[in-house]
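Throughout, protein chains are lettered first and strands after them, A, B, ... in sequence-line order, and every chain is numbered starting at 1. Please read these numbers as outputs of a predicted model, since none were measured by experiment.
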2 protein chains.
Amino acid sequence: MGVKIKDVARVAGVSVTSVSRVLNKGEHVSEKLEKKVRQAIEQLNYSPSLIAKSLKRNKTNLIGVIIPDITSNFQATILSNIEETLGRRGYNLLVSNIVEDTDKVVKYLNVFQEMRVDGIVLMHEKLNDHIRLFLEKNQIPLVVHAELGLNLPTVMIDDFKAAYDATAYLIRKGHRRIAMIAGDMRDLCAGRKRYEGYLAACKDYGITVDESIIRFGDYKLASGYRLMNELLAEAGGSFTSVFAASDDMAVGAINCMADHQLRVPDDISVIGFDGNQMSDVIRPRLTTIQQPMDKIGQATVELLMELIEQNDHAQRSHPARTIVLEHELVEKASCRDIHERGGFLKS
Amino acid sequence: MGVKIKDVARVAGVSVTSVSRVLNKGEHVSEKLEKKVRQAIEQLNYSPSLIAKSLKRNKTNLIGVIIPDITSNFQATILSNIEETLGRRGYNLLVSNIVEDTDKVVKYLNVFQEMRVDGIVLMHEKLNDHIRLFLEKNQIPLVVHAELGLNLPTVMIDDFKAAYDATAYLIRKGHRRIAMIAGDMRDLCAGRKRYEGYLAACKDYGITVDESIIRFGDYKLASGYRLMNELLAEAGGSFTSVFAASDDMAVGAINCMADHQLRVPDDISVIGFDGNQMSDVIRPRLTTIQQPMDKIGQATVELLMELIEQNDHAQRSHPARTIVLEHELVEKASCRDIHERGGFLKS
DNA sequence: CTGAAAGCGCTTACAG
DNA sequence: CTGAAAGCGCTTACAG
């Protein structure tokens, strides 16, 4: 680098003020002046510094995103939607992949703060005291993808209801012994709420919850495989269906069953959660709770823009808005109605 | 916000110079002074502005990454590795998802330039005149993930040889009618080179290339499905195996075959390319060319750091270094040796 | 060991 | 319509 606005001004024979005006197309400048400036810019291959501009304007047009696992197709799809929506509004994306490390979240929140990002998207669902403290102390526009109980602006689906729907769906298909491969209980929505939805549906339909057919994983494929392996070893034959808290775990479970010569849905029915790419790749296709990833991305950006707007006008007393989007139970081919056969259970 | 270094200095009763010294731990300051400063920082919840620092230091610690499709597991995995390696060195990641749009590449290269990123990673493989022009004019440290013929620093595998190996593997298993689901010929490596590797292997082994069993896709699952559908409709029964230029296309092809009641590898053998997550999820497991994604990420960062170092010392006359990493043909269960049965072909 | 002051590259009242 | 000058929040020679 090295060519700056001053150089352009010199070459064009005008003031830096005028060059700045041409660049920012705000106030009117004469055609002649504009032409001279454009020529000088071209000639010098001048690229204005957004760093200097940001410092002066107190606005970076940067959005920081904290994402637990970018290799998750579900999360990457949402990120991609956020990026696209943001790009159309002239914002750039600072991305921090967190790899399940809660301490890193605080570290990156601080970096974002130091980078003076205009807003933050927090896709992480685990909380610790440091995170809580940061969020209390710093009033930077922020949208979360889970109900953290901190009265923050949120975009999400109703995880409780979605899990309830999934479980009730199996029950209505005649299943009464439904295993669950749940998530991480430290995750407030994807973990806890989905688990609670499962419990509530069982309760409402008069099914006694049996903890021996419930396992807790990390949403990834490998853990679905491993936990299904455990379930088959320790409780095999005692359940007719499985509800997994993520599609990846559902797919892992299906693969595990295949390796045990069990057929889905003939021997065991499976329902997943997310509606990611894999759910359509696996055979049989996975019946699952579809999350509206495009809408999640868009709503996140819209909400963030609102907050940034408010922030610019120093009116930050609004109560935190929560956007709850609709999920959809998409029937594919991994669940069977077992009314007619009575199940292969004793009971 | 609003608290700046001056405020800290005032509260601590020292100069801004001293606050800056405490912050940057460069020169020695007395314990007493440091303590006062730290207290003031704590009390005011001060967060230094990296924007101001960047402007002054002429260094942003920002790396821009242009990625064609972040929802591709292969690319996301590499990005994740880059992010992690970079994070440990104190760099942050500016990400631009390009969605196959060559024009957007130039747009984002310019944004990166304006953001004064210290370096750029370009995972895109298509070139146009605007991109070429940008790369010529601007000497910002940059690492590409493909041989673009522009003498740029590069990290990649030998796509030609890898594709050659994949094809030769099938040939040695007795296949002589090998369909190919290739990539985009505008992509210099993943597209062209893999195609050329296939052609070369066929030639070396005395196999006449038949263009009627070659198709060109976009690496994504859906195109693999669609093109396999075409192949079956137009040339079904005339080939015993398929080489796909990406695992995603290979999986799409396998699913298509499944929907046609064709079994892999009994009826048709399939070999993929990448070694992504899906290749281990699909049944049968996919025999594929494994790319070393972790090493690609690490080598990319190392090379970039070298370039940035050189750039800082204004010695940019080094010839562009190219790092070629080893691929590996990983045998799983999707290819069959057909010597013993002679194939179900006439020939 | 500590501080006053210049300057990084812009924007934006203010004046003309 | 145009320009001179102050200032955004830091760092860094330079002097003491």
Side-chain angles (χ1 to χ4, degrees), chain A residues 1-38 40-41 44-62 90 110-111 113-118 140 312, chain B residues 1-38 40-41 44-62 90 110-111 113-118 140 312:
Chain A
M1 286 323 302
V3 25
K4 45 202 84 161
I5 199 169
K6 213 170 160 183
D7 303 312
V8 176
R10 189 173 27 75
V11 169
V14 301
S15 71
V16 294
T17 310
S18 293
V19 177
S20 177
R21 285 200 183 106
V22 171
L23 251 23
N24 295 299
K25 335 180 148 67
E27 307 170 50
H28 261 291
V29 291
S30 70
E31 261 186 49
K32 211 172 99 195
L33 188 149
E34 166 149 11
K35 204 178 147 201
K36 280 194 292 186
V37 170
R38 295 235 172 268
I41 288 176
L44 297 171
N45 190 29
Y46 169 67
S47 158
S49 163
L50 286 183
I51 297 298
K53 185 172 178 170
S54 295
L55 178 60
K56 186 66 189 136
R57 284 213 175 152
N58 201 23
K59 177 136 178 51
T60 54
N61 276 38
L62 236 36
N110 278 310
V111 172
Q113 169 83 286
E114 293 183 355
M115 282 297 294
R116 299 294 189 263
V117 297
D118 292 336
I140 185 166
D312 288 352
Chain B
M1 287 320 302
V3 25
K4 46 204 82 160
I5 198 169
K6 213 171 162 184
D7 304 312
V8 177
R10 189 173 25 78
V11 169
V14 302
S15 72
V16 295
T17 311
S18 293
V19 178
S20 176
R21 284 200 184 105
V22 171
L23 251 25
N24 295 300
K25 334 180 149 65
E27 307 169 50
H28 262 291
V29 291
S30 71
E31 261 186 49
K32 210 172 99 194
L33 188 148
E34 167 149 10
K35 204 179 146 199
K36 281 193 292 185
V37 170
R38 294 235 173 269
I41 288 175
L44 298 172
N45 189 30
Y46 170 66
S47 158
S49 163
L50 286 183
I51 297 298
K53 184 172 179 169
S54 296
L55 178 60
K56 187 66 188 134
R57 283 214 176 152
N58 203 23
K59 178 138 176 49
T60 54
N61 276 37
L62 237 36
N110 278 310
V111 171
Q113 169 82 287
E114 293 183 354
M115 282 297 293
R116 299 296 187 262
V117 297
D118 292 335
I140 183 165
D312 288 352

Using the rule given for side chain to side chain contact (heavy atoms under 4.5 Å, CB included), can you reason through Tyr46(B) versus Val11(B), listing the C-alpha separation, both sets of side-chain angles and the distance that settles it, and then say yes or no? CA-CA 11 Å; Tyr46(B) 170 66; Val11(B) 169; over 6 Å; no

Is Ser15(A) near enough to dG3(D) that one of its side-chain N or O atoms lies under 4.0 angstrom from OP1 or OP2? yes

Separation of dG9(C) C1' from Asp7(A) CG (nearest whole Å): 10 Å

Set out, in order, the CA-CA distance, both residues' side-chain angles and the distance that settles side chain to side chain contact (heavy atoms under 4.5 Å, CB included) for Ser54(B) and Met115(A), then state yes or no. CA-CA 10 Å; Ser54(B) 296; Met115(A) 282 297 294; 5.6 Å; no

Starting at NZ of Lys53(B) and ending at P of dG7(C), how long is that distance when rounded to a whole Å? 22 Å

note: Lys59(A), atom NZ; dG9(D), atom P; distance rounded to Å ~ 16 Å

Qualifying residue, where the test is side chain to side chain donor-acceptor pair (under 3.5 Å) with Lys53(A) and the options are Thr60(A), Asn24(A), Asn61(A): Asn24(A)

So, OP1 or OP2 of dC10(C): does either fall under 4.0 Å of a side-chain N or O from Lys56(A)? no

Take the protein atom CD1 of Ile5(A) and the nucleotide atom C1' of dG7(C), then report the distance between them rounded to whole Å. 16 Å

Check: protein-nucleotides 14-16 of chain C nitrogen or oxygen pairs below 3.5 Å:
none

The side chain of Ser20(B) is closest to which nucleotide in this list: dC10(C), dA4(D), dT12(D)? dT12(D)

Whether Ser54(A) contacts dC8(D) is assessed here as follows: a side-chain N or O lying under 4.0 Å from the phosphate OP1 or OP2. Is that the case? no

Going by the side-chain contact (heavy atoms from CB on, under 4.5 Å) test, name the single residue among Val3(B), Asp7(B), Val8(B) that passes it with Ile41(B). Val8(B)

5′-ward residue of the pair Asn24(B)/Val16(A) relative to DNA chain D: Val16(A)

Expressed in angstrom and rounded to an integer, what is the separation of Lys35(B) atom NZ from dT2(C) atom C1'? 19 Å

What nucleotide, of dG9(D), dA13(D), dC1(D), holds the atom closest to the side chain of Thr17(B)? dA13(D)

How long is the line joining CG of Leu50(B) and P of dT11(D), in whole Å? 9 Å

Just the rounded figure in Å: distance from P of dT11(D) to CZ of Arg57(B). 6 Å

Counting only heavy atoms not in Lys59(B) (residues, nucleotides, ligands), do more than 12 fall under 6.0 Å from its NZ? yes

What is the distance, to the nearest angstrom, from the CG atom on Leu55(A) to the P atom on dT11(D)? 12 Å

